[in-house]
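Below you'll find the structure, written out as structure tokens, and then a few comments.
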Amino acid sequence: VSRKRFPGGLKPLAELARSNGMGFGLWSAPIMVQDTSGVITDHPEWLIKRTDGTKMALWGNSSAMCYSGDYAKRFNDWLVNTARDLKLASVKVDGGLYVDGCIAPNHGHPVGHSEAVQIETFKDLVKRLRKASPGIVIDRGWEAEPGLTETYDTTWFGDWAVAFKPEREADPLWWYR
């Protein structure tokens, strides 16, 4: 959170929302980190490492962090503490969380097989969020994984890219491939 834009942090906004009968929620994209952010500068070893040595680029000027190991612990601790402190009513967990094939040996997953650990890391996050902020609504967005629907409260299948490709909408099994 930018202290320049929000000198008092997000707490005053959360309190204002509640005082007006609304809940306060946050959007997050755990693996998406701006290339100029301190987390990449301080910990480039947390980036997803590919076999060809390149980093995984995402939208705009962002790169993918491996959602396991030390990075995931730091992110999850931050989000859980934020949920508790702000009494979050909802959180949207956006962006692809599970990227298999990371070859970094120090991320807490078998080399080249990161997805299973990332899924368990997300399940743990959800349990911790529910303890930290009882009643919190967890939205996984359009990237929802059918096998994990029990972990979140809301999702939706579709986005702007799908809307412009009618052949995808015509095949309901497309999402499961």
Side-chain angles (χ1 to χ4, degrees), residues 1-3 5-34 37-40 42-43 45-48 56 58-59 62-100 102 104 106-109 113-159 175-176:
V1 175
S2 168
R3 290 295 177 173
R5 295 181 84 186
F6 301 99
L10 294 177
K11 200 166 197 165
L13 290 175
E15 290 170 354
L16 179 63
R18 281 192 295 282
S19 73
N20 284 286
M22 296 180 282
F24 187 75
L26 285 182
W27 172 90
S28 68
I31 72 164
M32 188 182 345
V33 178
Q34 291 296 314
S37 73
V39 72
I40 287 181
D42 296 344
H43 296 284
E45 71 277 11
W46 291 350
L47 288 162
I48 288 176
M56 182 178 180
L58 297 173
W59 300 284
S62 63
S63 295
M65 305 301 274
C66 188
Y67 189 64
S68 62
D70 292 338
Y71 171 73
K73 180 180 180 345
R74 177 175 166 174
F75 178 85
N76 288 359
D77 287 350
W78 170 82
L79 189 56
V80 167
N81 291 333
T82 299
R84 182 181 303 109
D85 295 346
L86 298 180
K87 300 176 183 122
L88 289 183
S90 66
V91 63
K92 177 171 173 60
V93 184
D94 209 348
L97 282 177
Y98 320 117
V99 180
D100 209 15
C102 178
N106 59 345
H107 287 181
H109 57 69
H113 301 285
S114 49
E115 188 171 17
V117 171
Q118 294 165 0
I119 288 170
E120 291 306 313
T121 300
F122 179 69
K123 286 180 178 179
D124 180 62
L125 170 64
V126 170
K127 287 178 194 171
R128 292 177 60 204
L129 284 169
R130 293 195 189 288
K131 278 185 180 177
S133 191
I136 192 169
V137 173
I138 299 170
D139 177 6
R140 184 64 184 102
W142 73 272
E143 298 92 352
E145 300 76 11
L148 288 173
T149 55
E150 79 276 2
T151 62
Y152 40 83
D153 303 301
T154 64
T155 191
W156 48 279
F157 287 104
D159 77 338
W175 287 100
Y176 300 96

task: Take Leu47 and Met65 through the side-chain contact (heavy atoms from CB on, under 4.5 Å) test and state the conclusion after the steps.
output: CA-CA 4 Å; Leu47 288 162; Met65 305 301 274; 3.6 Å; yes
field: Counterpart residues, ring-ring contact (aromatic ring centres under 6.0 Å, His included), relative to His43 (two or more places apart)
entry: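 Residues passing ring-ring contact (aromatic ring centres under 6.0 Å, His included) with His43: Trp46.
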- request: State which residues pass ring-ring contact (aromatic ring centres under 6.0 Å, His included) with Phe75; sequence neighbours excluded, sorted by chain then number.
  value: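 Result, ring-ring contact (aromatic ring centres under 6.0 Å, His included) vs Phe75: Trp78.
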Backbone N/O of [Y] and side chain of [X]: donor-acceptor pair under 3.5 Å:
| X | Y | answer |
| --- | --- | --- |
| Thr121 | Val117 | yes |
| Ser68 | Gly108 | no |
| Tyr71 | Pro30 | yes |
| Ser133 | Ile136 | no |
| Ser28 | Lys92 | yes |

task: Applying salt bridge (Lys or Arg N to Asp or Glu O under 4.0 Å), name anything that partners Glu120, two or more places apart in sequence or on another chain.
output: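 In terms of salt bridge (Lys or Arg N to Asp or Glu O under 4.0 Å), with neighbours along the sequence ignored, Glu120 is linked to Lys123.
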message: Any non-hydrogen side-chain atom of Val80 less than 4.5 Å from a side-chain atom of Lys131?
response: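 No, too far: nothing below the 4.5 Å cut-off.
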message: Do Leu10 and Leu26 have side chains that approach each other closer than 4.5 Å (heavy atoms only, starting at C-beta)?
response: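 They are in contact (side-chain heavy atoms under 4.5 Å apart), so the answer is yes.
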Check [X] against [Y] and note the closest heavy-atom contact, atom names and distance.
| X | Y | answer |
| --- | --- | --- |
| Ile40 | Gln34 | CD1-O, 3.4 Å |
| Met32 | Ser62 | CG-OG, 3.3 Å |
| Cys102 | His107 | SG-ND1, 3.4 Å |

message: Using the side chain to side chain contact (heavy atoms under 4.5 Å, CB included) criterion, which residues pair with Ala89? Sequence neighbours excluded.
response: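 So Ala89 forms no side chain to side chain contact (heavy atoms under 4.5 Å, CB included) with any residue.
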field: Counterpart residues, side chain to side chain contact (heavy atoms under 4.5 Å, CB included), relative to Ala116 (two or more places apart)
entry: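 With neighbours one apart ignored, the set is empty.
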Interatomic distance, [X] atom [atom1] to [Y] atom [atom2] [nearest 0.5 angstrom]:
| X | Y | atom1 | atom2 | answer |
| --- | --- | --- | --- | --- |
| Leu125 | Leu79 | CG | CG | 5.5 Å |
| Thr82 | Lys87 | OG1 | NZ | 13.5 Å |
| Met56 | Cys66 | CE | SG | 10.5 Å |
| Asn20 | Glu15 | CG | CD | 12.0 Å |

message: Run the side-chain contact (heavy atoms from CB on, under 4.5 Å) test on Tyr67 and Asn76 for me, step by step, so that the C-alpha distance in whole Å, both residues' side-chain angles and the decisive distance to 0.1 Å come before the verdict.
response: CA-CA 10 Å; Tyr67 189 64; Asn76 288 359; 2.8 Å; yes
query: Do any pairs count as a salt bridge (Lys or Arg N to Asp or Glu O under 4.0 Å) and have a residue in residues 64-83, sequence neighbours left out, and if so which ones?
result: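 Qualifying pairs, neighbours excluded: Lys73-Asp77, Asp77-Arg128.
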